[in-house]
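Comments concern the structure below.
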Amino acid sequence: MSGITRKCEMKTEGCEMDLTRIIEPLCSWYDRSKRDLPWRKDQDPYHVWVSEIMLQQTRVEAVKSFYRRFLQELPTVEDLACCEEDRLMKLWEGLGYYSRVRNMQTAARQIMEEYGGNFPDTREKLLKLKGIGAYTAGAVASIAFNEPVAAVDGNVLRVITRLEKDPRDIMKQSVRTEFDRRITEALEKTCGGSVTSSSFNQGMMDLGAGVCLPNAAPLCGKCPLASFCSAHEAGVEMDYPKKKAAKPRRIEGRTVLLIRDGDRILIRKRGKKGLLAGLWEFPNPEGHLEPEAALSFASGLGLEPVHIRALAPAKHVFSHIEWHMTGYEIRVASLGEEAEPPYVLIDEEQVRREYAIPTAFSAYYNWLADHRQNTEQDV
DNA sequence: AAGTCGGGGCT
DNA sequence: AGCCCAGACTT
């Protein structure tokens, strides 16, 4: 008997189980218990795709309203391919990871040009589209086209590592690739009738979201796979999955300037790449500026400050950065002229309707709404 | 393999 | 305050 086999029999740690055994039980459980979600009303590949992109690193509850509005505004792939950029970003405003929607439009144009508007219907073809990786290709191929392929996401990694007491770091690409291969092989052997890759993959999502919980005691009494689970048998569910500690965030000081001219507010569009690409922002020079420096900044844009007020500090946390912000309201003389490019003075109401502003500025953006100014008050 | 890229909700 | 979420892309 090999050392590995001995170890598995004694502790069942990191020992591969036969995944074909869990497929029928999970499909059966999914058919009884599936959540009623907006993107489960049909199997239209465009609908499935939009939902999967929105759901990347994003909770179901946060996605629902965005999903409905997005499809109402852009009902077809062609609508997405033709959508003007600022309108597209406005539809994604507040959802985060903005490259998702930019990549999705690139892919929509690929579909129009390379596939004549017919949605690619295999995992292999889907993988060539911008923004579609191993997970999303598997999800769309299985849910919309019933291809027997895996869709390995955080839920699957958590469920399988608990089932097998797998001690490997789930952030490693090798683990994801191996799970993808093993699940796909198991689906190829078992799919048929009510056992489908669609039910299995979506069952994994529902199981991960509602039963095999992250960062909380799982509800093993409700789990259709409990009898297969090594971690449950040993009472160590919370020890999995194993994951290396995240790197600490770097901290950036910034000074946010609300530069106002009557009802207008000064903004500019961010660059095409990097953080918050393609969104609009208030001037936010790096560092914590003193009022004099903030006034110089405004003067440097060719504006004539007539008043400055310090605002409460604010903090915003990104995945890898923290912004510690100082803020000022600066009122400038109404010159009736355009601002220094790339800055523009836009009516505040129009900004709120048409310009996507990142949540990072929400403390100051909200302050603005609570302190409307009319031109009569100018000093 | 490691870094970049948002925002929110739960513990 | 830290963790994670229906990840993908770049370097």
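These numbers come from a predicted model, not from an experiment. In the text below, chain A, chain B and the rest are named by the order of the sequence lines, each starting its count at 1.
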Open item on the list: Could you work out, with salt bridge (Lys or Arg N to Asp or Glu O under 4.0 Å) as the rule, every residue matching A:Lys90, not counting sequence neighbours?
Closed with: A:Glu93
Task: Residues in salt bridge (Lys or Arg N to Asp or Glu O under 4.0 Å) contact with A:Glu61, at least two apart in sequence or another chain - done: A:Lys64
Task: Residues in contact with DNA chain B, drawn from residues 47-80 of chain A - heavy-atom cutoff 4.0 Å - done: A:Gln57, A:Thr58, A:Arg59
Task: Any residue of residues 148-162 of chain A with a heavy atom less than 4.0 Å from an atom of DNA chain B - done: none
Could you check how far [atom1] of [X] sits from [atom2] of [N], rounded to whole Å?
X	N	atom1	atom2	result
A:Phe179	C:dA6	CZ	P	16 Å
A:Tyr30	C:dA6	OH	P	14 Å
A:Trp92	C:dA8	CH2	P	13 Å
A:Phe318	C:dC4	CZ	C1'	18 Å
A:Arg249	C:dG2	CZ	P	7 Å
A:Arg250	B:dG3	CZ	C1'	10 Å
A:Met89	B:dG7	CE	P	10 Å
A:Met104	C:dA6	CE	P	19 Å

Any [X] side-chain N or O less than 4.0 Å from OP1/OP2 of [N]:
X	N	answer
A:Tyr98	B:dG7	yes
A:His316	B:dG6	no
A:His320	B:dT4	no
A:Lys247	B:dA1	no
A:Thr136	C:dA6	no
A:Thr359	B:dG7	yes
A:Lys315	C:dA1	yes

Taking only the [atom1] atom of each, what is the distance from [N] to [M] in whole angstrom?
N	M	atom1	value
B:dG6	C:dT11	P	15 Å
B:dG8	C:dC9	C1'	23 Å
B:dT4	C:dA6	P	24 Å

Looking at [Y] and [X], is there a salt bridge between them, counting it only when a charged N and a carboxylate O are closer than 4.0 Å?
X	Y	answer
A:Arg254	A:Glu281	no
A:Glu185	A:Lys189	no
A:Glu322	A:Arg250	no

Quick one: label [X] by what it contacts on the DNA or RNA (base, sugar-phosphate, nothing), any heavy atom closer than 4.0 Å.
X	answer
A:Tyr97	base
A:Ile170	nothing
A:Ala360	sugar-phosphate
A:Arg35	base

Task: Gap separating the SG atom of A:Cys220 from the CZ atom of A:Arg162, nearest 0.5 angstrom - done: 7.5 Å
- [ ] State which residues pass ring-ring contact (aromatic ring centres under 6.0 Å, His included) with A:His371; sequence neighbours excluded, sorted by chain then number.
- [x] A:Trp367
Task: Partner set under ring-ring contact (aromatic ring centres under 6.0 Å, His included) for A:Tyr97, not counting sequence neighbours - done: none
Partners passing side chain to side chain donor-acceptor pair (under 3.5 Å) against [X] (at least two apart in sequence or in another chain):
X	value
A:Arg176	none
A:Asp42	A:His47
A:Asn155	A:Asp153, A:Arg158

Open item on the list: Taking atom CG as the centre, does A:Asp370 end up with more than 12 heavy-atom neighbours from other residues, nucleotides or ligands that are less than 6.0 angstrom away?
Closed with: yes
Open item on the list: Would the base of C:dA8 count as contacting A:Arg176 through its side chain, where contact means a donor and an acceptor less than 3.5 Å apart?
Closed with: no
Task: 5'-most by nearest nucleotide on DNA chain B - A:Ser174 or A:Ser319 - done: A:Ser174
Task: Those residues of residues 201-219 of chain A lying under 4.0 Å from DNA chain C by at least one heavy atom - done: A:Met205, A:Pro214, A:Asn215
Open item on the list: Tell me which residues in residues 270-282 of chain A lie within less than 4.0 Å of DNA chain C, going by non-hydrogen atoms.
Closed with: none
Open item on the list: Any non-hydrogen side-chain atom of A:Glu348 less than 4.5 Å from a side-chain atom of A:Arg264?
Closed with: no
- [ ] Keeping the roles fixed (side chain from A:Ser33, backbone from A:Tyr30), state whether a donor-acceptor pair exists under 3.5 Å.
- [x] no
Task: Derivation of the salt bridge (Lys or Arg N to Asp or Glu O under 4.0 Å) call for A:Lys269 and A:Asp86 - done: CA-CA 10 Å; A:Lys269 194 175 174 67; A:Asp86 281 327; 2.8 Å; yes
Contacts table for residues 114-128 of chain A: side-chain donor-acceptor under 3.5 angstrom, sequence neighbours left out:
residue, atom, partner, partner atom, Å
A:Asp121, OD1, A:Lys125, NZ, 3.0
A:Thr122, OG1, A:Lys125, N, 3.1

